[in-house]
Amino acid sequence: MSKIVLIDGHSILNRAFYGVPDLSNAEGLHTNAVYGFLNIMFKILEEENPQYLAVAFDVKEPTFRHEIYKEYKGTRKPMPAELHEQVPVLKDVLKAMGIKIMEKPGLEADDILGTLARRSEKEGMEVALISGDRDLLQIASEHIKIRIPKTKGGKTEIEDYYAADVKARYQVSPLQFIDLKALMGDASDNIPGVPKVGEKTATELMVQFGSLEGIYEHIEEVTKKAVKESLINNKELADLSRILAAINVDGDVEFSYEDAEVHDFYTEEAYKQFKRLEFKNLLSRFEKGPLDNKQADYFKEITDLAQAEEVFERALKLGEGRHAAFDVVEDSGKEEDFVGLCFALDEKEVFFIKAEGFLTKKYMTDKLSGLAGKVKLVTYDVKNKYAYLRTDRTEGLFDILIAAYLLNPLKNDYDPEDIANEHLGLMIPSRAQLFGKERLKKAAQDRAKELTEYACFLAYVEYMAASVLEKKLAETGMDKLMHEIEMPLSYVLHDMEKEGIRVMPEELKRYGDALNGRIEELETDIHKQAGSDFNINSPKQLGEILFEKLGMPGGKKTKTGYSTAADVLDKLAPDYPIVADILEYRGLTKLKSTYADGLAVYIGEGNRIHSTFNQTITATGRISSTEPNLQNIPMRMELGRLIRKVFVPKEGFVFTDADYSQIELRVLAHMSGDDQLIEAYRMDEDIHRITASKVFHTPFEEVTDLQRRNAKAVNFGIVYGISSFGLSQDLSISRKEAAEYIEQYFATYPGVKKFLDKLVEDAKKNGYVTTMFGRRRPVPELSSSNFMQRSFGERVAMNSPIQGTAADIIKVAMIRVWKRLKEENLRSKLILQVHDELLVETASDELSKVEHILKEEMRAAADLAVVLETDMHTGENWYEAK
DNA sequence: ACAATCACG
DNA sequence: ACGTACGTGATTGTT
């Protein structure tokens with residue numbers, strides 16, 4: 001028996017739009033609805049495996065039913081622009097895939113679908129009709145299944161309705177469903193219905209009388225008086241609604257099953273569309289990309305020494321303007337199980353040098369290191385290659401991962417296959433495919449073959465992408481940033497990771513145990529006060545206890561229930577002792593789990609912790625730290641801050657910690673060129689106090705603590721992309737007052753106001769903002785029609801150049817400090833960066849040199865209109881040094 | 001996988 | 001009328 005799938009185009013697109021979070025491609029085109037539509041469609045196709053498929057759309061001209069209804073209630077709500085622009089895109093994609101689109105002026109999609117469903121059923125087919133709204137339930141039969149996708153928490157679940165299911169769910173047959181709908185109406189479908197009759201009453205009436213006609217024949221038997229009256233007074237409306245609600249199943253629809261036959265949708269044209277829309281998940285459905293398969297003929301596996309020698313020899317002789325690409329293959333991603341080295345000398349010669357026999361890891365490492373500095377070498381994720389590439393000379397290196405990040409720092413992933421896709425228009429098999437579950441099932445030989453192929457693709461992509469990315473960096477003015485900052489930094493970060501930081505495990509343990517005592521005490525106390533045992537760490541349970549059982553004021557705040565965030569509890573703490581205990585409990589368990597216990601698992605050789613510093617994560621250009629995150633070790637509260645005492649230098653060393661003093665505000669002063677702000681910094685006095693003095697027209701000496709605190713908050717606010725709401729929240733003042741502060745601030749520093757306005761203006765014009773060093777951040781939110789999104793975009797446009805420039809500066813400082821330490825043959829090592837702070841493990845006898853270097857190089861990292869001051873401390877542990 | 005919370009700059 | 005300060009990562013609980 002053959003089967004046909006019919007899709008209600010607009011309705012599913014609409015569902016997808018609201019069910020899938022906002023996505024847009026590089027052009028700024030919104031794509032979430034199309035993406036969601038395709039996902040639903042593919043899911044259905046997999047489940048149904050039909051012979052025929054067609055998608056129906058409404059045409060723009062008002063249809064018959066709309067015409068009638070207009071007289072009553074005007075037109076439908078217009079679609080949001082973000083959805084509207086996706087309609088033609090979806091149609092293009094479907095056309096590209098060769099999928100039959102049905103639309104006809106004067107017929108609604110419902111009518112086309114209904115007509116076709118009935119016709120197909122008569123032909124003896126099974127029908128699956130996919131729609132987002134329940135209108136089509138009236139079409140359900142034994143052979144026509146209505147499928148309604150629901151997005152629940154990111155997952156798509158589909159409700160299926162045959163005729164019997166409709167009856168089970170709504171107590172009426174599909175045919176009766178029309179009358180039901182006529183009675184109750186449907187706002188989304190512009191069916192007025194009978195006033196006073198909702199779903200419940202309508203169902204009761206239908207069950208009792210069987211049809212609309214039946215109801216009016218027995219109108220006297222209707223028990224509810226108000227309903228009865230409404231029915232009598234609105235008979236015309238009911239009849240009209242009946243017409244509106246009924247789907248035309250006998251429409252004049254031309255349709256050839258031949259056109260709708262399911263075939264291979266993964267065409268060249270569709271591939272292009274998917275690529276343009278950046279649907280990388282969906283691209284994997286294309287078994288092979290447009291990459292010439294003959295390419296694989298150029299891939300060669302090398303297993304003997306002579307051949308390997310020849311390859312390295314040839315690499316060494318590469319002329320000016322040429323480059324080689326290499327990568328390292330490790331079976332499970334660990335250095336121990338090195339499998340081989342892949343190498344691309346040109347696009348037609350890609351080698352995989354397998355680690356066996358004479359071709360040892362050491363041999364290859366030596367050879368590769370020998371090329372460094374002599375040949376331009378390209379790779380992916382260079383920071384993790386320095387173990388094989390023993391050089392800190394980064395001038396000849398090019399990392400396609402970093403390049404791809406610079407070109408668009410907003411992405412979550414920059415897998416080699418993504419880069420191949422985006423910058424080369426190539427499909428390569430993904431590492432996930434190769435290294436996933438599938439691999440285990442395969443015979444060892446096949447695995448080796450795939451491994452070789454993957455490795456070669458990798459080197460090939462690196463080779464090809466390098467020139468493309470290099471060109472794009474030059475075009476976007478980021479070539480200097482790449483070569484003079486990011487590439488050298490990659491080595492510094494590698495070195496910092498390798499060095500690690502020493503901790504005292506026993507002290508850490510003792511700290512954790514001390515916390516534990518108090519935590520247990522608080523736990524029993526809280527349970528006693530609450531009158532029952534519950535999980536204090538569960539916001540859900542906690543919310544119920546506080547706001548229901550104990551009846552505290554403060555109601556709902558989050559989507560899922562009560563907010564129990566600290567700022568909410570802070571307000572309750574003075575009146576309820578239990579809340580104060582909960583806050584203390586929270587603080588202590590945080591310290592215990594994240595820091596005491598959390599850090600302990602990362603302690604390695606020599607009691608050192610080796611964090612990972614990520615160079616391609618943040619939108620602004622900062623680095624981030626993971627496993628463990630050493631950039632969020634407690635500082636603000638004394639109890640937490642104590643944990644810094646377990647971070648200690650090795651024997652004979654001390655810690656020297658230097659941090660920039662208000663680097664972001666100084667960057668703002670420089671970038672805005674505001675005379676007043678620059679002048680304020682030249683005074684070399686407390687900047688917040690000066691600001692307070694100017695903003696509140698108070699003599700410097702007479703500024704109160706409150707005034708200073710407010711001025712400081714405004715200074716912060718400016719850097720974050722000021723909004724009166726945000727400031728009012730921070731200072732617990734009214735929005736009006738906050739707005740006045742801001743106004744006063746701008747009156748004091750008019751250059752800052754001008755600068756911020758210009759940032760937003762330029763961002764709107766260009767679609768991106770840049771730092772002093774040319775780093776870009778796209779701001780797609782600025783073109784959103786959503787007020788909140790757009791406002792966010794404006795704040796981003798104001799904040800990113802400031803935060804990003806500060807990030808650039810400290811990166812430069814890191815490189816300079818690192819170089820000086822090396823050039824002067826010091827044993828002291830840069831081991832940590834915390835955004836505006838550098839930590840050096842300093843040999844005791846080198847202390848004065850290190851202090852000098854830090855101060856000098858951090859200051860010289862950028863030439864600003866104001867001086868880059870640093871605060872520096874030395875100590876026997878991180879607590880003392882900070 | 002995601003939301004809530006909270007640690008840092 | 002909307003409903004937020006900017007940038008991160010880890011842990012815990014819930015789905």
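Just so you know, these numbers use all the heavy atoms, side chains as well, and skip hydrogens, waters and symmetry mates. Order of the sequence lines fixes the chain letters, A, B, ..., with proteins taken first and strands second; residue numbering starts at 1 for each chain.
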Is it true that [X] and [Y] make a salt bridge, defined as a side-chain N closer than 4.0 Å to a carboxylate O?
X        : Y        : answer
A:Arg795 : A:Glu781 : no
A:Asp418 : A:Lys411 : no
A:Glu761 : A:Lys764 : no
A:Asp567 : A:Lys571 : no

So what does [X] hit on the nucleic acid, given a heavy-atom distance under 4.0 Å: a base, only sugar-phosphate, or nothing?
X        : value
A:Asp730 : base
A:Ser563 : sugar-phosphate
A:Gln729 : nothing
A:Ala807 : nothing
A:Ala566 : sugar-phosphate
A:Thr620 : sugar-phosphate
A:Asn535 : sugar-phosphate
A:Glu664 : nothing

Check your understanding: Hey, what's the ring geometry for A:Phe647 with A:Trp878, parallel, tilted or perpendicular (30° and 60° as the breaks)?
Key -> perpendicular
Check your understanding: For A:Leu515 and A:Leu588, which heavy atoms make the closest approach, and how far apart are they?
Key -> CD2-CD2, 3.8 Å
Check your understanding: Minimum heavy-atom separation for A:Leu839 to A:Leu830, with atom names?
Key -> O-CD1, 3.6 Å
Review point. Any side-chain donor-acceptor pair under 3.5 Å between A:Glu869 and A:Tyr681?
Key: no
Check your understanding: Between A:Tyr602 and A:Ser611, do the side chains contain an N or O donor and an N or O acceptor separated by less than 3.5 Å?
Key -> no
Point to revise | Span that lies between the P atom of B:dA7 and that of C:dC2, in whole angstrom | key: 31 Å
Review point. With rounding to whole Å, what would you report as the distance between C:dG3 and B:dC8 at their C1' atoms?
Key: 26 Å
[X] [atom1] to [N] [atom2]: how many Å, rounded?
X        : N     : atom1 : atom2 : value
A:Leu569 : B:dA4 : CG    : C1'   : 12 Å
A:Leu599 : B:dA7 : CG    : P     : 15 Å
A:Leu542 : B:dC6 : CG    : C1'   : 14 Å

Review point. With sequence neighbours left out, what residues match A:His610 under side chain to side chain donor-acceptor pair (under 3.5 Å)?
Key: none
Review point. If you walk 5' to 3' along DNA chain C, what is the first nucleotide with an atom under 4.0 Å of a heavy atom in chain A, and what is the last?
Key: C:dC2 to C:dT14
[X]: salt bridge (charged side-chain N to carboxylate O under 4.0 Å, His left out) partners, not counting sequence neighbours:
X        : result
A:Asp533 : none
A:Asp871 : none
A:Lys590 : none
A:Arg608 : A:Glu841

Point to revise | Residues touching DNA chain B, which here means a heavy atom under 4.0 Å, drawn from residues 621-634 of chain A | key: A:Arg622, A:Gln631, A:Asn632, A:Ile633, A:Pro634
Point to revise | Interface with DNA chain B, restricted to residues 586-593 of chain A and to heavy atoms under 4.0 Å | key: A:Arg586, A:Lys590
Check your understanding: Which residues, if any, of residues 708-720 of chain A bring a heavy atom under 4.0 Å of DNA chain C?
Key -> A:Ala713, A:Gly717, A:Tyr720
Exercise for review: Taking only heavy atoms on the protein side, list every residue of residues 732-749 of chain A lying under 4.0 Å from any atom of DNA chain C, sorted numerically.
Suggested key: A:Arg735
Point to revise | Aromatic centroids of A:Tyr745 and A:Tyr741 separated by under 6.0 Å | key: no
Review point. If a stem is a run of at least 3 consecutive Watson-Crick or G-U pairs, both distances under 3.5 Å, which stems include DNA chain C?
Key: B:1-9 with C:6-14
Please list, one pair per line, the donor and acceptor atoms closer than 3.5 Å that link side chains of residues 534-541 of chain A to other protein atoms, with sequence neighbours excluded.
from, atom 1, to, atom 2, distance (Å)
A:Asn535, OD1, A:Asn537, N, 2.9
A:Ser538, OG, A:Lys540, N, 3.4
A:Ser538, OG, A:Gln541, N, 3.1
A:Gln541, OE1, A:Asn535, N, 2.9

Review point. Do any side-chain nitrogens or oxygens of A:Thr594 fall under 4.0 Å of OP1 or OP2 in B:dC8?
Key: no
Practice item. Verify the neighbour count for atom OH of A:Tyr879: are there more than 12 heavy atoms of other residues, nucleotides or ligands below 6.0 Å? Key: yes
Study note, to complete from the structure: Given the options A:His494, A:Arg622, A:Lys811, A:Glu486, A:Gln615 meets side-chain hydrogen bond (donor to acceptor under 3.5 Å, both in side chains) only with A:Glu486
**Study point:** side-chain hydrogen bond (donor to acceptor under 3.5 Å, both in side chains) partner of A:Ser785, the single match among A:Glu82, A:His30, A:Arg790
**Key:** A:Glu82
